[in-house]
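Just below is one structure, and these are the notes that go with it.
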2 protein chains.
Amino acid sequence: MAAADPLSRVFAALADPTRRDMVARLAVADATVGELAEPYDVSVQAVSKHLRVLEDAGLVSRSREAQRRPVHLEAEVFDLMTAWIERYRRQAEERYRRLDDVLASLPDDVPPTQEPLPGGGAP
Amino acid sequence: MAAADPLSRVFAALADPTRRDMVARLAVADATVGELAEPYDVSVQAVSKHLRVLEDAGLVSRSREAQRRPVHLEAEVFDLMTAWIERYRRQAEERYRRLDDVLASLPDDVPPTQEPLPGGGAP
DNA sequence: CCCGTTCTCAACCAGGTGGTTGACAAGATG
DNA sequence: CATCTTGTCAACCACCTGGTTGAGAACGGG
């Protein structure tokens, strides 16, 4: 996704298992590109590309230290996602709560069972 | 992403603005495919495809009601994401906290300033 | 029973994604 | 200075994605 909006970029960045694993490891400690690439059995170039995606999403920042480029996790962007998710999760839960209320109040009202007697009178 | 793992599918599903908007609207009320498609200026088929992505991610379920196929939001899958996000966000915050502690305790310990007196004795 | 409505399936297309290899920039170090 | 280390850039490739159109399935209503 080369989409412009930040939320799409963050979600897309985390839709890849390798990238999620990188984030998980960066939550523990900063790391260089080589260190990050070591366990994955892909080229360093591929990892560099993944890092670019994470950087474009604002999840990661890269500084400079001699030839090395230490990668650092920027955790604030998580809040963007959390806010979005929580908003609609709560809204959906609210719906369920209201539905429960309606169902609970129903037996006091008209029961939805049909009346089998066409011209029926009480005996 | 045709990836097998559920987390990737959920993230990928929400990486599209149109799909996120559908989820937002479904949080308010269930809807049919036609109702969902109406505001988007794309074909109904495209919306049907989007719904399939959301369904494969477990975010949505489709039942049957005459020709109509009402779509219902399944909010539980959000928990999967929230759990993942919160885990690494907290881990990253913990790192900052520990770093702060180290920095705070530093002045009580050996100050990192060099001693300018080589064989220096007290006067 | 035929018709209209609602929706999915199939084929196709432009463009993006994750991977590769090869070349090269930036720096420490012999 | 020559060289090794670390990482990026560029070109290329197979595959997935989001969109289209056309055909057809499923079902209610006249």
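Here is the naming used below: chain letters follow the sequence lines, and residue numbers restart at 1 for every chain.
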Would you give me the side-chain donor-acceptor pairs under 3.5 Å for residues 75-89 of chain B, sequence neighbours excluded?
unit_1	atom_1	unit_2	atom_2	d
B/Asp79	OD1	A/Arg89	NH1	3.2
B/Thr82	OG1	B/Phe78	O	2.9
B/Glu86	OE1	B/Arg89	NH2	2.9
B/Glu86	OE2	B/Arg89	NE	3.2
B/Glu86	OE2	B/Arg89	NH2	3.1
B/Arg89	NH1	A/Asp79	OD1	3.2
B/Arg89	NH1	B/Glu93	OE2	3.3

Nucleotide by nucleotide, nucleotides 24-30 of chain C touches protein heavy atoms under 4.0 Å in the pattern (B base, S sugar-phosphate only, - none) --SBS--
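- Remark: B/Leu26 CG to A/Gln91 CD distance equals 10.5 Å, nearest 0.5 Å.
- In this structure a side-chain-to-backbone donor-acceptor pair under 3.5 Å is missing from A/Arg69 to A/Val33.
- Under a 3.5 Å cut-off, the side chain of B/Ser8 and the backbone N or O of A/Ala15 do form a donor-acceptor pair.
- With hydrophobic clusters built from ILVMFWY side chains whose heavy atoms lie under 4.5 angstrom apart, A/Leu73 shares a cluster with A/Tyr40.
- Distance CZ (B/Arg20) to P (D/dG18): 12 Å, rounded to an integer number of Å.
- Residues forming a side chain to side chain contact (heavy atoms under 4.5 Å, CB included) with B/Arg68 (at least two apart in sequence, or on another chain): B/Thr32, B/Ala66.
- Heavy-atom distances under 4.0 Å link DNA chain D to B/Lys49, B/His50 of residues 47-54 of chain B, given in residue order.
- Separating the CG atom of A/Leu14 from the C1' atom of C/dG18 is a distance of 16 Å, rounded to the nearest angstrom.
- Annotation: the span from A/Glu35 atom CD to A/Asp30 atom CG amounts to 9.5 Å, rounded to 0.5 Å.
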Could you give the side-chain donor-acceptor pairs of residues 47-60 of chain A under 3.5 Å, partners two or more places apart or in another chain?
unit_1	atom_1	unit_2	atom_2	d
A/His50	ND1	A/Arg19	NH1	3.2
A/Glu55	OE1	A/Arg62	NE	3.2
A/Glu55	OE1	A/Arg62	NH2	2.7

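- In terms of phosphate contacts, A/Arg19 brings a side-chain nitrogen or oxygen within less than 4.0 Å of OP1 or OP2 of C/dG18.
- Remark: B/Val42, B/Ser43, B/Gln45, B/Ala46 in residues 28-46 of chain B come within less than 4.0 Å of DNA chain D through at least one heavy atom.
- By the 4.5 Å heavy-atom criterion applied to side chains, A/His72 and A/Glu74 are counted as neighbours.
- Side-chain atoms of A/Thr18 and A/Asp21 include no donor-acceptor pair closer than 3.5 Å.
- A/Asp21 has its CG atom 16 Å from the C1' atom of C/dG18, to the nearest Å.
- Here C/dC9 presents its C1' atom at 15 Å from CD of B/Glu55, a figure rounded to the nearest Å.
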